[in-house]
Participant: 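Provided herewith is a single structure, encoded as structure tokens, for subsequent inquiry.
Naming convention: chains lettered A, B, ... in sequence-line order (proteins, then strands); numbering from 1 in each chain. All values derive from a computational prediction rather than experimental measurement.
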2 protein chains.
Amino acid sequence: MARTKDPAIRELLIERAAHMLRAREPITLRSVVAETGVSTMAVYTYFGGMDGLWRAMRQEGFTRLAARLATVGETADPVRDLAALGAAYVGNAGAHPDLYRIMFDAGFDLEDPAAADESLHHLVRAVERARAAGRFRADVVATDLATQTWIAGHGLASLVTGGPLPAEAFGYGIPLLTALFTSAGDSAERCRRSVEAGWF
Amino acid sequence: MARTKDPAIRELLIERAAHMLRAREPITLRSVVAETGVSTMAVYTYFGGMDGLWRAMRQEGFTRLAARLATVGETADPVRDLAALGAAYVGNAGAHPDLYRIMFDAGFDLEDPAAADESLHHLVRAVERARAAGRFRADVVATDLATQTWIAGHGLASLVTGGPLPAEAFGYGIPLLTALFTSAGDSAERCRRSVEAGWF
DNA sequence: GCACTTAACATAGCATCGCTATGCTATGTT
DNA sequence: AACATAGCATAGCGATGCTATGTTAAGTGC
């Protein structure tokens with residue numbers, strides 16, 4: 001038919017835009033393509049416009065988050081795993097603060113919403129394992145507790161990456177998760193040890 | 001000396017910009033001053049530019065939050081008051097979602113940072129009262145628990161106003177705060193009643 | 001009460017923004 | 001070999017935030 005798109009260019013533009021975001025440089029149509037050899041039209045060919053580029057960067061953020069959550073293995077202590085997932089979540093936000101910030105900026109929708117849900121499912125499964133292991137009460141609704149864990153993790157990540165709280169505030173994750181999991185039925189002392197073992 | 005600024009114009013522009021923000025209309029230099037009779041220069045006279053206008057709107061958000069928190073009185077049950085402060089916080093975010101979103105957008109600093117801290121002090125004082133009343137353990141650090149309450153409240157407010165969670169998710173505030181305050185030493189059943197009494 | 005000073009004001013214009021229309025080029029198909 | 005078509009580069013459009021410039025009007029000193 002005709003010429004085919006070069007995936008390398010798409011990757012190059014996302015990479016460059018993400019780098020400029022990290023360097024706090026203004027991300028404009030012309031500044032992104034500058035010194036890349038490609039013209040401004042490439043942004044429209046590959047992303048349909050600047051909105052599409054931002055969408056792709058958000059997707060990139062969720063992809064990295066999913067990759068990091070995937071590195072958290074399953075041990076014999078599901079509560080530790082749950083805390084480790086929370087630590088991985090805020091750790092990812094701390095490692096890529098600019099990427100994390102745009103992930104939750106409203107106005108754009110994701111290319112692949114399922115990828116975002118997938119991340120929450122990691123938490124849900126860990127809660128279910130903890131409940132099955134007798135650490136949580138039988139009446140604990142897995143999605144509810146997982147969502148509450150997410151809320152705490154996001155509040156922490158958002159306030160630290162946003163500036164109001166210093167990086168040391170990441171430590172609040174331990175008492176927050178301990179309170180949450182203890183409230184779900186885990187014994188206080190055992191919960192504290194598990195959370196501390198999983199956190200960072 | 002010369003002509004003096006008219007505070008009414010400043011208020012008019014903030015009001016109009018906030019209204020346009022609520023209506024999801026693009027807030028531009030020219031669109032803000034349109035149909036107001038004033039010229040584009042007014043934005044520079046009163047705010048020094050568009051950044052200043054956004055700063056003023058953020059300040060307006062913190063002012064409204066402070067006003068709402070101030071309506072929460074002190075009762076004989078400090079844990080109820082603490083929950084009521086949390087409810088007022090997320091309630092304010094739900095009432096003014098667009099204003100809340102820009103409050104925590106990085107890049108700008110507040111005109112009056114002390115006003116933001118003042119809000120957190122409401123929580124700190126409530127924690128101190130609860131500790132003094134014997135509801136919390138003596139070793140509870142008031143600023144730590146207040147910050148954790150803020151983290152939970154902000155996570156909830158942020159995820160709901162941002163879109164990922166529906167408005168019904170505001171209900172997660174009850175188990176979140178109950179877990180937090182129970183972990184601080186309050187008895188489970190009594191804590192649950194206090195939080196439910198103070199929430200919304 | 002008049003003249004002077006000075007800050008607020010309106011207008012016009014600048015560089016740059018995202019985006020689109022228009023040919024040209026190169027690649028895959030027949 | 002000839003065609004069809006998608007990617008590409010260029011130029012230009014309306015709109016953006018901002019600034020330079022001249023004018024106007026309010027406050028001050030005599």
Participant: Indicate, with a heavy-atom threshold strictly under 4.0 Å, whether A/Met50 touches base, sugar-phosphate, or nothing.
Facilitator: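 Sugar-phosphate contact only.
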
Participant: Of all the choices, C/dA8, D/dT19, C/dG18, which nucleotide is nearest to the side chain of A/Thr28 once you look at every atom?
Facilitator: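 In terms of side-chain proximity for A/Thr28, the closest of C/dA8, D/dT19, C/dG18 is C/dG18.
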
Participant: Indicate yes or no for a side-chain donor-acceptor contact from B/Arg80 to the backbone of B/Val195 under 3.5 Å, with no hydrogens or angles considered.
Facilitator: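 Side chain of B/Arg80 to backbone of B/Val195: no pair is present.
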
Participant: Scan every strand shown for a Watson-Crick or G-U wobble partner of C/dG28, both distances under 3.5 Å, and answer none if you come up empty.
Facilitator: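 C/dG28 is paired with D/dC3.
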
Participant: Between B/Gly48 and A/Met41, which residue's closest nucleotide on DNA chain D lies nearer the 5′ terminus?
Facilitator: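 Counting from the 5' end, the first nearest nucleotide belongs to A/Met41.
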
Participant: How long is the line joining CZ of B/Arg10 and P of C/dA7, in whole Å?
Facilitator: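 So the CZ-P distance, B/Arg10 to C/dA7, works out to 19 Å.
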
Participant: Between A/Arg24 and A/Asp98, is the side chain to side chain contact (heavy atoms under 4.5 Å, CB included) condition met? List the steps.
Facilitator: CA-CA 9 Å; A/Arg24 298 286 196 284; A/Asp98 309 283; 2.6 Å; yes

Participant: Please tell me if B/Tyr46 has a side-chain N or O lying less than 4.0 Å from either OP1 or OP2 of C/dC9.
Facilitator: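 So the side chain of B/Tyr46 is within the cut-off, an N or O lying under 4.0 Å from OP1 or OP2 of C/dC9.
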
Participant: For C/dA7, which nucleotide in any strand shown is its Watson-Crick or wobble partner with both distances under 3.5 Å?
Facilitator: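 Partner of C/dA7: D/dT24.
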
Participant: Within this structure, what is the CG-to-C1' distance between B/Asp6 and D/dT24, rounded to whole angstrom?
Facilitator: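 Those two atoms, CG and C1', are 16 Å apart.
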
Participant: Whether the B/Tyr172 and A/Asp144 side chains hold a donor-acceptor pair (N or O, under 3.5 Å, no angle test) is what I'd like checked.
Facilitator: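 On atom types as modelled, these side chains qualify, holding a pair under 3.5 Å.
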
Participant: Is atom CZ of A/Arg22 surrounded by more than 12 heavy atoms (other residues, nucleotides or ligands) closer than 6.0 Å?
Facilitator: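 Atom CZ in A/Arg22 is packed in, count exceeds 12.
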
Participant: Looking across every strand, which nucleic acid part, if any, lies under 4.0 Å from B/Ser39 by heavy atom: base, sugar-phosphate, or nothing?
Facilitator: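 Touches a base.
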
Participant: What is the distance, to the nearest angstrom, from the CG atom on A/Leu29 to the C1' atom on C/dG18?
Facilitator: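 My rounded result for the distance is 6 Å.
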
Participant: Write down the distance between CZ (B/Phe47) and C1' (C/dA8), rounded to a whole number of angstrom.
Facilitator: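 Going from CZ in B/Phe47 over to C1' in C/dA8 covers 15 Å.
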
Participant: Side chain of B/Thr40, heavy atoms from C-beta onward: which of C/dT11, C/dC9, D/dG7 has the nearest atom to it?
Facilitator: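 That would be C/dT11.
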
Participant: For A/Val38, report the nucleic acid contact type (base, sugar-phosphate, nothing); a contact means any heavy atom under 4.0 Å.
Facilitator: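 Sugar-phosphate contact only - A/Val38 comes under 4.0 Å of backbone atoms but never of a base.
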
Participant: Mark yes or no for whether B/Ser158, through its side chain, and B/Gly155, through its backbone, hold a donor-acceptor pair below 3.5 Å.
Facilitator: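 Flag not set: sc B/Ser158 to bb B/Gly155 has no pair under 3.5 Å.
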
Participant: For B/Leu53, report the nucleic acid contact type (base, sugar-phosphate, nothing); a contact means any heavy atom under 4.0 Å.
Facilitator: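 The residue B/Leu53 makes no contact with any strand.
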
Participant: Taking CH2 from A/Trp54 and C1' from C/dG18, how many angstroms apart are they, rounded to a whole number?
Facilitator: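 Distance, rounded to whole Å: 13 Å.
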
Participant: Can you tell which of D/dA9, C/dC17, C/dT20 lies closest to the side chain of A/Arg30?
Facilitator: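 Of the candidates, C/dC17 comes closest.
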
Participant: Between C/dC14 atom C1' and B/Tyr44 atom OH, what is the distance in whole Å?
Facilitator: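 So the OH-C1' distance, B/Tyr44 to C/dC14, works out to 12 Å.
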
Participant: Please classify the nucleic acid contact of A/Gly37 as base, sugar-phosphate, or nothing, using heavy-atom distances under 4.0 Å.
Facilitator: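 The residue A/Gly37 makes sugar-phosphate contact but no base contact.
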
Participant: Find the partner of C/dG18: check Watson-Crick (N1-N3 plus N6-O4 or O6-N4) and G-U wobble (N1-O2, O6-N3) distances, both under 3.5 Å, and reply none if neither fits.
Facilitator: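 With both distances under 3.5 Å, C/dG18 matches D/dC13.
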
Participant: Over how many whole Å does the gap from B/Leu13 atom CG to D/dG17 atom P extend?
Facilitator: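 Distance check: B/Leu13 CG to D/dG17 P gives 13 Å.
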
